[in-house]
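Shown next, in C-alpha cells, is the structure this report addresses.
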Amino acid sequence: MGVMNKFMNFLGLQEEEEVIEREQIADSIEEGETKAFEQRKNKGNVVSIHSQKNVRVVLNEPRSYEETQDIADHLRSRRPVVVNLHRVRTDQALRIVDFLSGTVYALNGSISKIGPNIFLCTPDSVEIQGSITEMREDNEEYNKSR
C-alpha cells in the first residue's frame, strides 16, 4: 500500500498527510487482527471438564399405541424415557414394548423393566447399572421365609 500512496503523491493526486493517516489506520487494523488470531490460537487445547450438559429424563404414560412414536422421538433426541404402561390394554402394551425394543436396538441403547408395566428406555449415551427384581417374586420369597 505504501508504493501506491507514494506514486499518487508523486503525481500530485493526493497530499502526504492523507497518506500518513491511511497508513496509520491500516497498521492499527492489522495489529487488531493479529491479536485476535493469537488469542484464538492460545485457546486451542482447552477442554471443559463439564462437557456433559444436564440430562432430562422423560416420564411418559401412553394411553394408546399411537403415542409410541413420541417416545421414540425422545430416544432419538438422546433423552432417557420412563414408560408406564398401566393405562393401556395388555395387547397394546406388548406392541408398545416391541416397538420401543426395536427403537432402542437401532439406537444402540437399552430397555429395562423397573416395575410391573414400567420400563426404562435409554439411548447409548446413558448407562444403566443394577437391576430391580419383580415385586411378586420378592413377595413370594418373603412369604416362604415366614
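Because the structure is predicted, anything quoted here is derived from the model rather than measured.
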Inset, instruction - Kindly compute the distance separating SG (Cys121) from CZ (Phe99), expressed to the nearest 0.5 Å. - result: 11.0 Å
Inset, instruction - With the side chain counted from C-beta on, respond yes when Val81 and Val57 share a heavy-atom pair under 4.5 Å apart, and no when they do not. - result: no
Legend entry - Closest approach of Ile128 to Ser112 (non-hydrogen atoms, all atoms of both residues): CD1-OG, 3.5 Å
Legend entry - Where Val88 and Arg63 come nearest, the two heavy atoms and their spacing: CG1-C, 3.5 Å
Inset, instruction - Report yes if the side chains of Glu67 and Ile96 come closer than 4.5 Å at any heavy-atom pair, otherwise no. - result: no
Legend entry - Straight-line distance of Leu94 CG to Tyr65 OH, nearest 0.5 Å: 12.0 Å
Inset, instruction - Please report the shortest heavy-atom distance between Pro116 and Lys113, naming the atom on each side. - result: CA-CE, 4.3 Å
Legend entry - Salt-bridge contact Asp73-Arg76 (side-chain N to carboxylate O under 4.0 Å): yes
Legend entry - Shortest non-hydrogen contact from Arg56 toward Arg79: O-CB, 3.9 Å
Inset, instruction - Check whether any side-chain heavy atom of Leu85 lies under 4.5 Å from a side-chain heavy atom of Val97, and answer yes or no. - result: yes
Inset, instruction - Could you grab the distance from atom OG1 of Thr122 to atom CD of Glu127, nearest 0.5 Å is fine? - result: 9.5 Å
Legend entry - Minimum heavy-atom distance Arg87-Pro62, with the two atoms named: CB-O, 4.0 Å
Inset, instruction - Please round to the nearest 0.5 Å and tell me the distance separating atom CG of Asn60 and atom CG of Asn84. - result: 9.5 Å
Legend entry - Interatomic spacing from CG in Leu120 to CG in Leu100 - rounded to 0.5 Å: 11.5 Å
Legend entry - Same apolar cluster (I L V M F W Y, side chains within < 4.5 Å links), Leu75/Val58: yes
Legend entry - Residues which pass side-chain hydrogen bond (donor to acceptor under 3.5 Å, both in side chains) with Thr103, listed by chain and number, not counting sequence neighbours: none
Legend entry - Beyond-backbone contact of Ile118 with His86, side-chain heavy atoms, under 4.5 angstrom: yes
Legend entry - Distance in Å, Gln92 CD paired with Thr68 OG1, rounded so as to fall on 0.5 Å steps: 8.5 Å
Inset, instruction - May I ask whether Phe119 and Leu59 are part of the same hydrophobic cluster, defined by side-chain heavy atoms of I, L, V, M, F, W, Y residues being less than 4.5 angstrom apart, directly or through others? - result: no
